[in-house]
Number of protein chains: 2
Amino acid sequence: MTQKAKEYYRDNPQFYVAVDCIIFAFENDELQVLLQQRNFEPFRGEKTLLGGFLQDEESLEEAAQRVLQFHTGLTNIYMEQVGTFSALDRDPGARVISTAYYALIDKNLYDSALLKEYDGEWVSTDHLPSIHFDHTKMIEQARELLRRKISFSPVGFNLLPPSFTLAQLQRLYEVILGQEIDKRNFRKRVSEMQFIEKTGEIDKVSSRRGASLFQFNMEKYNLIHEFKLK
Amino acid sequence: MTQKAKEYYRDNPQFYVAVDCIIFAFENDELQVLLQQRNFEPFRGEKTLLGGFLQDEESLEEAAQRVLQFHTGLTNIYMEQVGTFSALDRDPGARVISTAYYALIDKNLYDSALLKEYDGEWVSTDHLPSIHFDHTKMIEQARELLRRKISFSPVGFNLLPPSFTLAQLQRLYEVILGQEIDKRNFRKRVSEMQFIEKTGEIDKVSSRRGASLFQFNMEKYNLIHEFKLK
DNA sequence: AATGATGAGTGTATTTTTTACACTTTTTGT
DNA sequence: ACAAAAAGTGTAAAAAATACACTCATCATT
């Protein structure tokens, strides 16, 4: 590369680049998000999303997966980029450009022991506490993205255990969409999608009568690749 | 801020941060995008999107508007963030994190004299030439975002002059959605939205009989805030 | 001045999709 | 035995989307 070409880059400023993870889980008929109460500087005592700085040899996606793994123990998690936030004063400690990702996890699988190490806490997205930086906006944008996506893409299953009852699935949709759904209409739509299949097992925990357990069959979905549920 | 807090930032690497603008316009029944053939290093001779580096005292949005104004002369243009691209080798000259924005402009208004200064050229999004970096992916993602948005949000009007015929509007939708639309059904839907209103003027250019000109009334739309057109 | 060509403009019937709605079944705890 | 709790199931009505063909106004040509 010529000297001129090097200058092309060199004349420009550089920035700290971060990722912030909106880690969603579903429990108690709530869409929850994982926050941490910071016990370190800067901003000790503030609630924030889980984040980290981009390092030299990783992409933003990799950084987000790294942050996620560090705080939940989980790898290979469904993630989607929400957007990049760059207001001059968004982090009063320094100029930081941050890209938000949301992740959907099965709350049964994450490592809850880690939680204590970094003062993590799950909060309902319906009543968010006061959160530092622009992280509230990030969460709201992520929630809206998820709300739009869940009707046309089978991403919601990432929030459930591998097998689930139709009542669980329906409650998940009701919570994320923010509206009640007619049980019979919902089940009609589910039964039209052959890749949501009965496991044959019966869940006896949530009801006296027992409810059939279902699973999402990704292979079958990939053949059909049509999804509509709402 | 304490010493500890400063280290929190200082231990992390910094990066060049850029914006790339996907500038869309509508002409000749084509959705076009503005590229430049670079006559400077690095990557002289390559076709790329219009871009620029983020500077210290501006947000990404402001940087994108600056790039847009520099190349088209236009200010206050509709823009939307597409996403942030961070693959390690995306720019072989240096590690650069780039956020893509798409902009919708009325091709009658931009400053075509500027085009020659930087070897700009409009190309159809239907047959993109070979484009450097990951810019092809950016354009495709932007196009897809626009395709999804245009049915539920009145953004398409940004690509048209202030007054337009219904045939023009329909062709715009057909091109962006990539499918033919029934004329009577389309007009039925338009007539249901009172904020798309007749100006009273007649366009005599595009047909012998003359076609009524319409305009999008933003104030009326803001009261209703419901849009559906496909 | 007649006529042919061009795009503008207009309404209804059919199909598909979405929504509304209520009772029976199974099991457990009392 | 019976009360309580959630599972499971089908049809009719309403709403939305689609398919479809001719007349109108004007200009250019002859």
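All heavy atoms count here, side chains included; hydrogens, waters and symmetry mates do not. Just so it is clear, the structure is predicted and the values come from calculations on it, not from any experiment. Lettering of chains follows the sequences in order, A, B, ..., and the numbering in each one begins at 1.
- For A:Ser207 and B:Ser206, each mapped to the nucleotide of DNA chain C holding its nearest heavy atom, the one lying further toward the 5' end belongs to B:Ser206.
- Panel note: side chain A:Glu80, backbone A:Tyr101; no donor-acceptor pair is recorded below 3.5 Å.
- Ion pairing between B:Lys188 and B:Glu192 fails under the 4.0 Å rule for side-chain N and carboxylate O.
- For the pair B:Leu166 CG and C:dT10 P, the interatomic distance rounds to 9 Å; values are reported in whole Å.
- Distance B:Glu192 CD to D:dA15 C1': 12 Å, rounded to the nearest Å.
- Regarding contacts with the backbone of D:dA25, every side-chain N or O of B:Lys204 stays at 4.0 angstrom or more from both OP1 and OP2.
- In this structure, B:Phe70 has its ring center at least 6.0 angstrom away from the ring center of B:Tyr118.
- Residue contacts shown for B:Ser212 are limited to sugar-phosphate atoms, with no base heavy atom under 4.0 Å away.
- Electrostatic pairing of B:Asp126 and B:Arg143 counts as a salt bridge here, judged by a charged N lying under 4.0 Å from a carboxylate O.
- Atoms CG (B:Asp203) and P (C:dG9) sit 10 Å apart, rounded to a whole Å.
- Shown for residues 176-185 of chain B: residues whose heavy atoms fall under 4.0 angstrom of DNA chain D, namely B:Asp182, B:Arg184, B:Asn185.
- Under a 4.0 Å N-O distance rule, the pair A:Arg147/A:Glu144 qualifies as a salt bridge.
- Between the C1' atom of C:dG9 and the CG atom of B:Leu213 lies a distance of 15 Å, rounded to the nearest Å.
- In this structure, NZ of A:Lys228 is placed 11 Å from C1' of D:dA16, rounded to the nearest angstrom.
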Name the pairs: protein N/O against N/O of nucleotides 3-5 of chain C, kept only if under 3.5 Å.
residue	atom	partner	partner atom	Å
C:dA5	N3	B:Arg208	NH1	3.0

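- In this structure, B:Phe152 atom CZ and D:dA16 atom C1' are separated by 13 Å, rounded to whole Å.
- Comparing D:dT18, D:dA7, C:dG9 by their nearest atom to the side chain of B:Arg189 picks out D:dT18.
- If A:Lys188 and A:Ala211 are placed on DNA chain D by their nearest nucleotide, the residue sitting closer to the 5' end is A:Ala211.
- Under the 30°/60° scheme for interplanar angles, the aromatic rings of B:His132 and B:Phe43 are found to be tilted.
- Between A:Gln168 atom CD and D:dG8 atom P the separation is 12 Å, expressed in whole Å.
- Of the listed nucleotides (D:dT18, C:dT18, C:dA8), D:dT18 has the atom at the smallest distance from the side chain of B:Lys230.
- Evaluation of atom-type donor-acceptor distances gives no pair under 3.5 Å for the side chain of B:Arg209 against the base of D:dA25.
- Electrostatic pairing of B:Lys107 and B:Glu27 counts as a salt bridge here, judged by a charged N lying under 4.0 Å from a carboxylate O.
- Side-chain atoms of A:Thr99 never come within 3.5 Å of backbone atoms of A:Thr84 as a donor-acceptor pair (strictly under, hydrogens ignored).
- Nucleotide D:dA17 holds its P atom 14 Å from the CZ atom of B:Phe186, rounded to whole Å.
- Between B:Phe227 and B:Tyr221, the two ring planes are perpendicular [angle over 60°; tilted spans 30° to 60°].
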